[in-house]
Amino acid sequence: MTDRTFVIIKPDAVRRGLVGVVLARYESKGLEIVTLDWRTIDAAMADQHYAEHVAQPWYPALREFITSGPLLAVVLEGPAAIEAVRTMNGATNGVAAAPGSIRGDYSLSNRENLVHASDSPHSAEREIALWFPGLS
Ligand code: CDP
Ligand code: MG
């Protein structure tokens, strides 16, 4: 089953010069880049993207982080892409994320954890429509 998922290479990864490393891992896995775009998002866009989290006590810090600089918004496609990318990204907290995962290899943070990926077909559809409304 081929599906599409939405990925953010977050501002920490951009600042650390890890965009190429992270993108190469997805490409090497066999996932196809459908489209990608540099964005710097405002608070309103952050609130829409992270709608499920806006009431969390840690959300203001997350919003500060995700709006702090350029990020790369990416749509990837491939067999079971949603599950494959979540597995590649690893657990949310870089400390706990398995070595071999992107977060496990490059992050020690529960917030600055390099990547976002859609967690379900419903999320993928919602996020792709939000970030790339013209994409067919
Ligand atoms: O990104 P993922 O789906 O693995 O985690 P989440 O629980 O949906 O949280 C979304 C994002 O919020 C995480 O990737 C972190 O960047 C951030 N976060 C945070 O800043 N502080 C927390 N205590 C938990 C998550
Ligand atoms: Mg999540």
Common cluster, Val95/Tyr106, ILVMFWY with side-chain heavy-atom separation under 4.5 Å: no
From OG (Ser120) to CZ (Arg126), nearest 0.5 Å: 9.5 Å
Qualifying residue for side-chain contact (heavy atoms from CB on, under 4.5 Å) with Leu76, from Thr35, Leu31, Ile82: Leu31
Asp37 side chain to Ala73 backbone, donor-acceptor under 3.5 Å: no
Derivation of the side-chain contact (heavy atoms from CB on, under 4.5 Å) call for Leu114 and Arg16: CA-CA 9 Å; Leu114 303 157; Arg16 291 173 60 193; 3.8 Å; yes
Rounded distance [0.5 Å steps], CG in Leu130 versus CE in Met45: 3.5 Å
Nearest atoms (heavy-atom pairs only) where Ala84 meets Pro79: CB-O, 4.5 Å
Whether Tyr59 side chain and Asp47 backbone form a donor-acceptor pair below 3.5 Å: yes
Donor-acceptor contact below 3.5 Å, side chain Arg4 vs main chain Ala124: no
Side chain Arg103, main chain Asn113, donor-acceptor under 3.5 Å: yes
Separation of Arg111 CZ from Asn93 CG (nearest 0.5 Å): 10.5 Å
Side chains of Asn110 and Thr92 in contact at under 4.5 Å (non-hydrogen atoms): yes
Aromatic ring pairing His49/Trp131, orientation class (parallel under 30°, perpendicular over 60°, tilted between): perpendicular
Glu64 atom CD: more than 12 heavy-atom contacts under 6.0 Å: no
Nearest atoms (heavy-atom pairs only) where Thr5 meets Ser118: OG1-CB, 3.4 Å
Closest non-hydrogen atom pair, Ala43 against Arg63: CB-CD, 3.8 Å
Shared hydrophobic cluster for Val74 and Val34 (ILVMFWY, side-chain gaps under 4.5 Å): no
Whether His116 and Phe6 hold their rings parallel, tilted or perpendicular, with breakpoints at 30° and 60°: tilted
Side chains of Lys10 and Leu71 in contact at under 4.5 Å (non-hydrogen atoms): no
Atom CD of Gln56 with >12 non-hydrogen neighbours under 6.0 angstrom: yes
Gap between atom CG of Asn89 and atom CD1 of Ile102 - 0.5 Å precision: 5.0 Å
Shortest non-hydrogen contact from Ala80 toward Asp3: C-OD1, 3.3 Å
Val115 side chain near Tyr26 side chain, heavy-atom distance below 4.5 Å: yes
Asp105 side chain vs Gly100 backbone, donor-acceptor pair below 3.5 Å: yes
Atom CD of Glu83 with >12 non-hydrogen neighbours under 6.0 angstrom: no
Side chain proximity check, Ile66 to Pro11, heavy atoms < 4.5 angstrom: yes
Check: Phe65 main-chain N/O paired with Ser68 side-chain donor or acceptor under 3.5 Å: yes
Val14 side chain reached by Trp38 side chain, heavy atoms, under 4.5 Å: yes
Arg86 and Asp119 ion-paired at < 4.0 Å: no
In one Ile/Leu/Val/Met/Phe/Trp/Tyr side-chain cluster, 4.5 Å: Trp58, Ile8: yes
Shared hydrophobic cluster for Val85 and Leu36 (ILVMFWY, side-chain gaps under 4.5 Å): yes
Close side-chain approach of Leu23 to Leu72, heavy-atom, < 4.5 Å: yes
